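Here's the structure, in structure tokens; my notes come after.
Start at 1 with the first residue, then count along the sequence. All of these numbers come straight from a predicted model, not from anything done at the bench.
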Amino acid sequence: MKKPTVSTLKKYLNAMSKIKAKYITSERLSRVIGVYPEVINENLSYFEPMLMMDASYNLLELVPVIKQYIEEQEEKKNPLIRVTPVKKKEVAQYETLNDFVYQKYSVGGMIDKGTELTDRDLRVMKKLIGEELAKRKQK
């Protein structure tokens, strides 16, 4: 049994809240939403498996369970991590990739193996490598 999507469930809840009735069947909800009752039953059968067999089931009984499911799914959602792009000004500080490594990761002319590369440093390196490859391609 596949899990229903949060957007579909929100659409069902929104439609059920607009209907001023104490008893809502999938048939009645389908007329409001414009979706076949079989599709509604299939989506909501995740919460109540007997819904597929009983066409007269009151969908309002599922509202608290659906709301709880939506909350759980939204908590699981990972926030977007915004990555700021590397600017030419940052890359212009270094003439070559070797210069970058020497300035960032060497102490007294020897490379310090204890330093770790940050994500930002890796993006700068990637840009420098791209420039280096472009120069070699031109030659």
Side-chain angles (χ1 to χ4, degrees):
M1 186 179 311
K2 71 179 192 176
K3 294 183 178 183
T5 61
V6 173
S7 59
T8 305
L9 294 175
K10 283 183 179 180
K11 183 169 66 171
Y12 293 167
L13 284 177
N14 190 21
M16 281 193 264
S17 67
K18 289 180 181 178
I19 299 172
K20 302 294 182 195
K22 293 184 179 183
Y23 196 83
I24 300 174
T25 61
S26 58
E27 185 70 35
R28 186 175 219 176
L29 184 62
S30 72
R31 285 190 221 121
V32 174
I33 296 176
V35 178
Y36 288 112
E38 293 83 21
V39 175
I40 294 171
N41 288 341
E42 185 179 328
N43 285 329
L44 295 179
S45 67
Y46 178 79
F47 305 106
E48 178 60 53
M50 293 300 291
L51 192 63
M52 294 293 282
M53 292 184 229
D54 186 13
S56 62
Y57 188 84
N58 186 8
L59 298 180
L60 291 176
E61 294 176 13
L62 296 177
V63 170
V65 179
I66 293 172
K67 286 182 179 179
Q68 181 182 1
Y69 176 80
I70 290 172
E71 288 175 6
E72 289 172 1
Q73 292 301 315
E74 288 179 345
E75 285 176 5
K76 289 181 184 177
K77 194 185 245 185
N78 294 334
L80 293 174
I81 299 171
R82 296 187 184 240
V83 177
T84 55
V86 176
K87 301 203 166 100
K88 288 184 179 181
K89 187 177 180 182
E90 276 182 83
V91 177
Q93 295 175 358
Y94 313 105
E95 293 177 22
T96 62
L97 181 62
N98 292 336
D99 186 37
F100 173 78
V101 172
Y102 184 77
Q103 286 184 22
K104 282 281 197 172
Y105 300 104
S106 65
V107 177
M110 304 220 16
I111 293 180
D112 184 14
K113 293 181 181 180
T115 57
E116 292 187 24
L117 292 170
T118 63
D119 292 340
R120 187 81 179 163
D121 291 341
L122 288 173
R123 287 194 298 275
V124 170
M125 272 185 159
K126 185 177 179 181
K127 199 89 159 180
L128 287 168
I129 290 170
E131 288 178 2
E132 187 91 21
L133 288 173
K135 286 179 187 175
R136 287 186 182 187
K137 197 173 190 180
Q138 288 178 352
K139 290 184 180 180

Worksheet item: Just how far is it from atom CG of N58 to atom CD of E48, taken to the nearest 0.5 Å?
Response: 11.5 Å

Worksheet entry | Where M16 and L29 come nearest, the two heavy atoms and their spacing | CG-CD1, 3.9 Å

Worksheet entry | Heavy-atom check, side chain of V35 versus side chain of N43, under 4.5 Å | no

Worksheet item: Between D112 and V107, what is the shortest heavy-atom contact and its length?
Response: CB-CG2, 4.1 Å

Discussion item. How about OH on Y36, more than 12 heavy atoms from neighbouring residues, nucleotides or ligands closer than 6.0 Å, or not?
Written reply: no

Discussion item. If you compare all heavy atoms of N14 against all heavy atoms of S17, which two are closest, and at what distance to 0.1 Å?
Written reply: O-OG, 2.7 Å

Discussion item. As a quick check of understanding, evaluate side chain to side chain donor-acceptor pair (under 3.5 Å) for S26 and N41, giving each step before the final call.
Written reply: CA-CA 7 Å; S26 58; N41 288 341; 3.1 Å; yes

Worksheet entry | From CD1 (I70) to CG (L13), nearest 0.5 Å | 4.5 Å

Discussion item. Quick test of your reading of the model: are R120 and E90 salt-bridged, counting only N-O distances below 4.0 Å?
Written reply: yes

Practice prompt. Give the cluster check for V39 versus V6: same hydrophobic cluster or not, with ILVMFWY residues linked at side-chain heavy-atom distances below 4.5 Å.
Written response: yes

Worksheet item: Looking at V32 and A15, what are the two nearest heavy atoms and their distance?
Response: CG1-CB, 4.1 Å

Worksheet, complete the sentence: Between P4 and L9 the two heavy atoms that sit nearest each other are CG-CD1, 3.9 Å

Worksheet entry | Heavy-atom neighbours of R123 CZ exceed 12 at 6.0 Å | yes

Discussion item. Within this structure, what is the CD1-OG distance for the pair I40 and S45, rounded to the nearest 0.5 Å?
Written reply: 12.0 Å

Worksheet item: Are there more than 12 heavy atoms of other residues, nucleotides or ligands under 6.0 Å from atom CD of E116?
Response: no

Worksheet, complete the sentence: Value for CG (L59) from CD1 (I66), rounded to nearest 0.5 Å, stands at 7.5 Å

Discussion item. I'd like to check Y23 versus R28 (side-chain heavy atoms, cut-off strictly below 4.5 Å). Are they in contact?
Written reply: no

Item to complete: Not counting sequence neighbours, which residues clear side chain to side chain donor-acceptor pair (under 3.5 Å) with E27? List them please.
Response: none

Item to complete: To the nearest 0.5 Å, tell me how far T25 OG1 sits from L60 CG.
Response: 10.0 Å

Worksheet item: For E74 and K10, which heavy atoms make the closest approach, and how far apart are they?
Response: OE2-NZ, 2.6 Å

Fill in: N/O donor-acceptor pair under 3.5 Å between D99 side chain and E95 backbone
yes

Worksheet, complete the sentence: Output for pair (K11 NZ, T5 OG1), nearest 0.5 Å, gives 8.0 Å

Practice prompt. Treat each ILVMFWY residue as a node, draw an edge where side-chain heavy atoms are under 4.5 Å apart, and state whether M52 and Y57 are in one component.
Written response: no

Worksheet entry | Hydrophobic cluster of I129, others only, ordered by chain and residue number, side-chain cut-off 4.5 Å | V86, V91, Y94, L97, F100, V101, Y105, I111, L117, L122, V124, M125, L128, L133

